[in-house]
Each structure stands twice: as structure tokens, then as C-alpha cells.
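Here the structure comes first, spelled out in C-alpha cells, and everything after it is commentary.
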Amino acid sequence: GRYQIMGFNFELADFESVEAFWVAMKRSERDHLDAFCAFIESKRLQDELRQISNVHAACIPFARGYNGQGFAKNAYHIKLAKAHSKWNAR
């Protein structure tokens, strides 16, 4: 799916069990999107999501909230900025 959430976050994605989460993730891309939206709302990352831009530094708050403290090691903020640049140019 496009919107990846670790299974241990099933409650933040608005599921009662990891099994229910797993079934939904196998079912459809729409279920992935719904889980992503619920996760973003649960983590209160709406503003951070809106701040994403082509600028790496602007992506740090979302990357940290979504991916955790290891975001920098994995360059998630840089990957977000590059993806934003790519898709914003279309």
C-alpha cells in the first residue's frame, strides 16, 4: 500500500486489534488511506503534514512524528521533500 503504518500502531490507526488492521490492509488501498488518516489524526500531525514542501527542513516535523526518532538516520525528511518536488512538478 501507499500509506504504510507499522502493525503495532493498529490502535492509532483506529482498529480494535492487530488482526483487524491486518485484514483491512490486505483488503484495499482505500483501507490503507483510511488507516493513514486515522493515524495522522491520532498523532495530531495534520499541521505537520500540511508543512511538507520541497525544503528538507520543512519536512522534519512530519517525518519525526510519523517515523519516530530514527527519521534522520533513514533520511525520511529528505525523501519526503524529494517526493514532494517530484509530484508537485507534475
Side-chain angles (χ1 to χ4, degrees):
R2 291 184 181 178
Y3 319 96
Q4 305 215 348
I5 301 168
M6 300 298 289
F8 58 78
N9 289 312
F10 69 91
E11 289 177 302
L12 292 172
D14 203 26
F15 290 89
E16 293 186 20
S17 68
V18 71
E19 291 81 9
F21 173 79
W22 173 246
V23 168
M25 296 305 98
K26 292 189 296 182
R27 188 172 37 235
S28 72
E29 189 171 309
R30 177 57 197 230
D31 286 339
H32 277 251
L33 176 59
D34 291 342
F36 174 78
C37 291
F39 180 81
I40 296 303
E41 289 176 2
S42 294
K43 298 275 285 185
R44 300 188 194 321
L45 292 172
Q46 298 96 319
D47 290 338
E48 291 82 352
L49 181 61
R50 288 183 197 99
Q51 291 174 11
I52 290 174
S53 74
N54 300 353
V55 178
H56 302 158
C59 300
I60 289 173
F62 182 79
R64 181 182 291 120
Y66 188 78
N67 298 105
Q69 292 302 317
F71 80 93
K73 174 184 171 194
N74 296 302
Y76 288 127
H77 60 304
I78 295 169
K79 292 173 185 175
L80 281 169
K82 286 181 180 179
H84 183 276
S85 180
K86 173 184 174 182
W87 294 108
N88 197 40
R90 292 184 180 203

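We count residues from 1, following the sequence as given.
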State which residues pass ring pair (Phe, Tyr, Trp, His ring centres under 6.0 Å) with Phe71; sequence neighbours excluded, sorted by chain then number.
->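 Partners of Phe71 under the ring pair (Phe, Tyr, Trp, His ring centres under 6.0 Å) test: His77.
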By ring pair (Phe, Tyr, Trp, His ring centres under 6.0 Å), which residues pair with Phe39, not counting sequence neighbours?
->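 Only Tyr66 meet the ring pair (Phe, Tyr, Trp, His ring centres under 6.0 Å) criterion with Phe39.
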[X]: side chain to side chain contact (heavy atoms under 4.5 Å, CB included) partners, not counting sequence neighbours:
X	value
Ala38	Asp14
Ala75	Ile78
Val55	Ser53, Ala57, Ala58

Please give me the minimum heavy-atom distance between [X] and [Y], naming the atom from each residue.
X	Y	result
Gly7	Val18	O-CG2, 3.7 Å
Lys79	Asn74	NZ-O, 3.2 Å
Ala81	Asn54	CB-O, 3.5 Å
Ile52	Cys59	CG2-SG, 3.8 Å
Leu80	Ala63	CD1-CB, 4.0 Å

Going hydrophobic residue to hydrophobic residue with side-chain gaps under 4.5 angstrom, can you get from [X] over to [Y]?
X	Y	result
Phe10	Ile5	yes
Met6	Phe36	no
Leu45	Tyr3	yes

ring-ring contact (aromatic ring centres under 6.0 Å, His included) between Phe15 and Phe21, worked out = CA-CA 6 Å; Phe15 290 89; Phe21 173 79; 5.5 Å; yes
Distance, nearest 0.5 Å, that separates [atom1] of [X] from [atom2] of [Y]:
X	Y	atom1	atom2	answer
His56	Lys82	NE2	NZ	6.0 Å
Cys37	His32	SG	NE2	13.0 Å
Gln4	Asn67	CD	CG	10.5 Å
Ser28	Asp34	OG	CG	7.5 Å

Would you call Gln51 and Pro61 a side-chain contact if the rule is heavy atoms closer than 4.5 Å?
->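 Side chain of Gln51 against side chain of Pro61, heavy atoms only: contact under 4.5 Å found.
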Identified side chain to side chain contact (heavy atoms under 4.5 Å, CB included) counterpart of Val23 within the set Met25, Glu19, Arg27 =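 For Val23, the side chain to side chain contact (heavy atoms under 4.5 Å, CB included) check succeeds only for Arg27.
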Listed by chain and number, what are the salt bridge (Lys or Arg N to Asp or Glu O under 4.0 Å) partners of Arg50, not counting sequence neighbours?
->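 Salt bridge (Lys or Arg N to Asp or Glu O under 4.0 Å) list for Arg50, sorted by chain: Asp47.
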